Every structure is written in structure tokens, then in C-alpha cells.
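Lettering of chains follows the sequences in order, A, B, ..., and the numbering in each one begins at 1. Worth saying up front: this structure is predicted, and the values here are computed from it rather than measured.
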Amino acid sequence: MQEKYLPSEIEHAAQAQWTASQTYRARDDSDRPKYYCLSMFPYPSGRLHMGHVRNYTIGDVLARYHAMRGFNVMQPMGWDAFGLPAENAAIANNVPPAAWTYANIDHMRTQLQALGFAIDWSRELATCKPDYYRWEQWLFTRLFEKGVIYKKMATVNWDPVDQTVLANEQVIEGRGWRSGALVEKRDIPMYFFRITQYADELLSGLDNLPGWPERVKTMQANWIGKSVGVRLAFPYELDGSQDRLWVFTTRADTLMGVTFVAVAAEHPLATRAAQDKPELAAFINECKQGSVAEADMATMEKKGMDTGLKVAHPLTGEAIPVWVGNYVLMSYGEGAVMAVPAHDERDFGFAQKYALPIKPVIGVERETFSLDGWEEWYASKAGYCVNSGKYDGLGYEAAVDAIAADLAALKLGEKKTQFRLRDWGISRQRYWGCPIPIVHCDACGDVPVPAEQLPVVLPEDVVPDGAGNPLNRRADFVNCTCPTCGAPARRETDTMDTFVESSWYYARYACPDFDGGMLDARANKWLPVDQYIGGIEHAILHLLYARFFHKLMRDEGLVASDEPFVNLLTQGMVIANTYYRETPDGKKTWFNPADVVVDDSGARLKADGQPVIVGGIEKMAKSKNNGVDPQALIDLYGADTARLFTMFAAPPEQSLEWSDAGVEGAHRFLKRLWKLAYEHVQGGAVAAFAGGELPDAAKALRRQLHQTIHKVSDDIERRKQFNTAIAAVMELMNALAKLDGADAVTRSVRQEALEAAVAMLAPIVPHISEALFAELRPGVAMVWPTVDEGALVQDEIELMLQVNGKLRGQIRVAVAATREAVEAAALASEAVQKYLDGQAPKKVVVVPGRLVNIVV
RNA sequence: GCCGGGAUGGCGGAAUCGGUAGACGCAGCGGAUUCAAAAUCCGCCGCUGGUAACAGUGUGGGGGUUCGAGUCCCCCUCCCGGCACCA
């Protein structure tokens, strides 16, 4: 055995051996129980960052633990390879996104392999390869024919200078990231998945996911946002014809308090009114500036303008003015809202600003309405109707029922369940994505590409320039014939949202080589995924889309289960400071934390010593260049230290501000472990302790050993809290280092403890563990250690003594002592007597096995 | 703005079901070893007062429930994530 711990040597040897013997190949035909352990696949941005290391180490610990427990484990890996950063890199470096992406994949695969993850690389896939996306196109055509996918207009960010659609990320303070031009909203046709058809099932299905974190289920439920309300109409007459303005409200009980209605700038009524009113046309134009992001819409100043039009109140017939509001979203609900300033905060602010009437119609006992105190009760459903004619005195539910019934009788409304969730628009005016398999024919319309003509292959030699979708300029791609009539036709050049690819990759891993269809029978052998691991930032969008897609595939007969992921672990983000400099035209250049020094005088760039601006702590991301590269860590200390430190730094669900202070300690621990094993092995072979009498010190160590096995198993399997598992093994090793004695029986306990400790660390630090176990037990396979209940038995325990809840001492009592005996021993103790001062205690609380609290 | 989460020593964190606050590790300090340094080993280490024993105090801030609160309830501050075209 080597005296020194040489990580690079043992890690290379172990990895070479794993590759040679295909150790981590998942068997499709095994009769052992399956464990499908999946980590969210990475976007191939160039290099791994610490967030990846954290994610994939968590997955690897769980995969390796279950393998040691006898499961047939599948842990695959692939690449979420389409996306915007490749186009940005193309623009910056004049390389095709395909070449850039493939080079990144090669580099990152090497990095992942150097970390020693137990991945079945034979199942590797990349979403940008035609043999993957052809099946996505195939499903698209099926769903299009079924009507689950349809086409409608939708609003996007438009850069009028670059003549291109911008992602929300590319809109910075209302301006295009490259041109600096004011961004406008523009309506274009897009394809949509009818996810709202599945809203109820996506919501109720959350109840069948006990293995998901509550916070994720709450976020998804709120996102879907089921609300029961009333859809109702305000009749009006315009240009000689009768029409109705529809709105949706969850507060129909306040209908009598409506003092105006507000419509979106894009609403037909607004467009019509603007024809006669130039200042309104100008205002509508102003509303079209800015991004479509909801956060921007919600934080901007609320503005409006009177259209001059009036609609009739559906119950009273009173004339109600119609306003255009920049905060009303055309894409949500009816594109119009009724406004009740007395009982809605936003309406109240709007009414105050434009001096619109405020009419309170909800009363609360012992409260009279005043503008000062309105916040306390404006939204309360606990009040009753006032100033509401025949509805006076009714509570929330009774009022809604009565008003809905009256509206229904007038055919001006009905109760309706509405979802906040909107249909999923998937058209992207981008090159580097999966082509939408549609052909536009003048005679036949939008024709889905027949299965035998799939895939529609994306040309890989294109270099985008930031001005529109370059596919539009590729005649060889665009020009085609109509599959139905054979006439010359145009191919759709929009590509799909990359969330589509990431919504079904987990299923394709079961059968990545199948070329006869999207999935084969192996999918149902492996699905659902037993453990899914990924960042909390995916709590809503990705995880909701994947759940939706699973149901789509189920309804196509491709999978048998209802939900894709049984257990979900949402890893906290690895966050780091961001640093930037601003050019005179307001553009930001971001600097990596590794290139910046921070001291009392502020932050400066290492390269030129000049100051940089501190941009705040954010998740590691390519766009802000704050990802910390783990390679230096691996080069310096080895993969095991990087893995150990990442798992030791914080529990997995907690966000972690990156700092490598402390990594030395993780490395020191591995060196100490190696030294302990080395010194023991030098003493000659000895069998692990198998029974018999032990000296007290060895007995105490064995007790600690088996307590540790119990704790570590629980920490990994149930709690998924690896930092405390590692701490427990560290404590055990500290105790083992202090255990003296070279006699056979003590050495046998030491053998037992070392074997178990090395096995318990194996999921976390697999290379050193395999090397050490091979020295401790040559030729024997490492298995997870089992708890010897007999070793845990104790005769006496220590109880804490409290007086009035304050700690005042301890007593030792027999484990079997009765409550009365414990109470008597506590009262008799010196520590308690001192505080009792001769008086009788008011109360004595005994918590068995823990403490005695005496109240005086 | 809305939804979800978080805040504990100089630092990362522990305390699993309301019961010893600070496990484990980092940094720091003292010592051993060494010609010296690195490495290693031993010890100390929340704050205040005290030579000490010990006492008081302490889990972002304010209030409450309880024999007992880091943990439960109410209010507030700040930080992180998401907000539908970053992935």
C-alpha cells in the first residue's frame, strides 16, 4: 500500500477500470429492482460551474448509495443543446452554433468524467441531433392533428433597429441589448400547446406527489392559479350595432361598486376609440413600448386614458366609462377588467390618480369606510354587501350566487372557473432550435410534415448575425413542396422553445437508440424516474412542462404512468458575486469572480488593477459570467476532494454562496483517512470484529460506529442531507484516531470501523474509498454496512437538569429508571437543591431520555 | 408588484417531533516537532463581566403562546429564486 494519498493516481486508475468493465451500464434485463436516478441535463455553455458539480454530485451520491443497496441503477447524462447562448456565441465569434455546441459538449463530457460520476454513457443524447428531435417533430404533427397544438397571435418583444424578436433576457431597461433601441410589443402568429386543457389534472396531480417538496407544489399550484369567479358582460352600442364587453372577476360581490372598466391597449374597443381620438392613439402607442415580461408590466407606473366610450352596467344599466389601462394584459382573461376602486388596491390607486369615483359596497362590522383605513379591509371576503340594493346584507358567497343568478337570467354572465395558467407558446423566431414541422401552402394552409418525411433537418453550417432568423434566408431550407397537393410551398422557419426538448428527454434515456418510434417498451420498464435532482429555479416552468408532456405521451399511448418524477430534490442555487463595467452607451461587460480582487478599497480587475462595479450576488450563469470553474479545484486536490467539499459545504436544498475557504479541510480529512488506514494495514491482516467481550474503550467506539452507520444511512436515504452524514463520519474518524491498543481484539474493532467508514464514504468519494477498501479487504466487494443493534445498548444515560427552563446541571441515571426515580434523583441533586432553597417545586416536567425541568 | 424560500459565532454550517444552541469543518490564537519553513500532532476559541469557580446575555428586528422557542403564531426588515423568449 502507498503511504501517501495520491488522488490523481488513484482517480485515473479507478476511472479507467470503471470504463473498461462498464461498471455503470444500466441493465435493461436485470431482475433486481430498478432505481432511475436523473439529474437535470446541462446546457453545454462551455465549462462546468460549481452548480453543475453540486447537482451531479448529489445525483451520484444517491445513485451509488442505491447501487450499494442492490438496486439496478440507471444514471444517464445528455445535453440540452439548443438555445440562445449558442447564437450569442456565434454572433460574437463568427462560429456556427452547431460547431460551438459540439466543442462545448466534448469539453464538458471530459470534465464530468474526471469527476468520476457513475454515469451510463452509452445512453448519452444531445437534443440538437436529428435522431432525437425527429421524434419531437413527430409528436408535434400528431398533436397538431389532434388540436392539442394550434396557432394564434401572441405578443413578443420587437427590436425595431435590429428587426428581430428579443428574449426577455435581451431587453435591458426597456431597450434592445445590442441596438439600444426602445423595445416595442408586436403581435405575430405562433403555435401553442393547449396546456390549459390539462390545468385541472396538473393541479390535482400534485396531491399524488408525496415525494416532491411542498414549496415546489405550492409554487406550481399558485402558477396554475385556479379561481372560481364570474364571467360577465357590459352591453354597449357602437357604430349602430349592439355588442358586449366581457370581463372575468373573482369578486362579483363587488359588482355594484364598479365605477369604470379598463381594457388592454390592444383591445378592439381601444383600437376603435383611437380612430376618433388622436391622443388616445398616441397613448396606445406608448403602451406598446417596453417588454412583455410580467415583472416589468407589474412594476411599471399604472397609466390610463379615457376612451370616451361608455358601456352599460349589466344590472343597473348605469353608464360606465371605458378606460385603456397599461396594466391590463390582452393575453390574460378577456383583456378587460371591471374596476372597483373601493375594494381593489390597484383600482384604488388608478381611481385616485385620475379622480374616478370610489363607491364602497362592502361593509365590515364596527368599521365605516374611509379612504385612510381602506387597506385593512378592501380585499376582505369577510364583509357583507352595502349600498347594493337588493343584495344588501349578503355575505361573499351568497352575494356572488345571487348576482351570478341574476346575470344568468339576463344572459349577461355565468359562473366560471378560470386558470391563471396560459397556453404554452412554443414558436421562436430563432435559428438554433428544433424546426417546427409545418409547411405553408397557399392552397392547403398549414400542413404538418408527414412522418415518413421527418426529420426536418436543421442545417448546421449557419452563422446567425443577430438580425432576424437566418433560416429565412436559406432558400434550400425554405423552399419545398406541399405534402398534400405537391405545389411549391414554404417551410416554417420558426423553431421550438427549448423547453420542449427538455420536457421528454428523461423518457428517451430508456431507449436512446430506438429508431422505430419516440419510445419503446423499455420506457415503461424504467419510468417513472425514481429520483430527479435539479435546481430550484426550475420549480415551475421546466417541471410543469415535463409533467404536461408526460400526460401528452400517456394519452398517445407512449407511457403508462401519470407523472414523470416520483421523488424530486430541488437543489439550492450556487450563487456568486457579479462584477461589471459599463461602456459610455450603457452596455455592460461582465467579469468572472476569478479575475477580480476584492479588498477594503473595493473590487478591481486583476488584469489592469482598475475598479469594477459590484453587481450583487446571483445564481451562477453564463449571462453574468459569474460561474466558478471547478477545474482548478480538481487539478489541485482531485475529484474526491471537490465532491466531498461540495457536499460538506451546505445541505443540498439550501442556496450556497460560493467560497472555496474550507476546501483544505476536506482534503485534510481524506489524507487523515488514508493515514489511518495505512497505519492499520501496516499492522497486518485482521478480520473485522465478529463478537465477544471488549475493553470499555473499544466497546464505546463500536457503539459510536453503529450509531454512525444508523445516522449516515438515514441522512442519505431519507433526509438527503449529506453534510451531516460527512460530519458524523469525521467524528467517528476522530474517535478512531484516539483509540489506543494493538491487541488483536482492538485491531479487529479498528478493522470493522475502517471498513464501514470507507464504505459509507464511497458514494461521496468513490475513488479513494475503492482504493482503501481494496487494501482493507482485498478481493471483496464493498457493500453498505449494517447496524449491529447489540452494539447500541447502553446502561446509563445523562439527563439535563433545568430550573425554570434554564440549564443548571446534569445527572446520570439508569436507562431503565422510572419517572419517579428520575424525578427523585433530579430533586436530590446539588444543582437543583441550590435553586430550590428549601421550598417545594411548583411543577416537575420529565422528558424521558432528555431532561428534567423544575419550576419553582 | 405577485408567488416561493432564507437569515444561527470572524466564516460555511449543526440542533431530524417544542427539550443541552453552536456538532463537524474553515479561519484565528497558544504549544509540540523542525536549523527554519511547509506538513503533521495537542490545546483554546459566541459575546460581556470575573484570575477563576461562575454569573449574565445570545439564533435578522418587534410582539405573543409555552414549564421550556433557533424551531409554533402575528407584524416588520433585508437577501435569494421564479414571473411564461436565459436555461
Indicate, with a heavy-atom threshold strictly under 4.0 Å, whether A/Thr724 touches base, sugar-phosphate, or nothing. sugar-phosphate
Measuring only the P atom in each nucleotide, how far is B/G1 from B/G50? A whole number of Å is fine. 48 Å
A/Thr299 OG1 to A/Glu294 CD distance, which is reported to the nearest 0.5 Å: 10.0 Å
Upstream residue (5' side of RNA chain B) when A/Lys738 and A/Ala728 are each assigned their closest nucleotide: A/Ala728
5'-most contact on RNA chain B (nearest-nucleotide basis), A/Val847 vs A/Ala727, goes to A/Val847
Mark yes or no for whether A/Asn853, through its side chain, and A/Val845, through its backbone, hold a donor-acceptor pair below 3.5 Å. no
Just checking, any donor-acceptor pair under 3.5 angstrom between side chains of A/Asn804 and A/Tyr835? no
A/Tyr505-A/Trp79 aromatic ring centre distance below 6.0 Å: no
Ring centres of A/Tyr327 and A/Phe350 under 6.0 Å apart? yes
Could you identify the nucleotide paired to [N], looking across every strand shown and requiring Watson-Crick or G-U wobble geometry with both distances under 3.5 Å?
N: B/U57; value: B/G46
N: B/C24; value: B/G12
N: B/A7; value: B/U77
N: B/A32; value: B/U40
N: B/C2; value: B/G82

Bounds of contact between RNA chain B and chain A, in 5' to 3' order, using a heavy-atom cut-off under 4.0 Å: B/G1 to B/A87
Does B/G9 adopt a syn or an anti glycosidic conformation, taking syn as a chi angle within 90° of 0? syn
Glycosidic torsion of B/C73 (syn if within 90° of 0, anti otherwise) classifies it as anti
Step through the shown structure and confirm whether more than 12 heavy atoms of other residues, nucleotides or ligands are within 6.0 Å of CD on A/Glu173. no
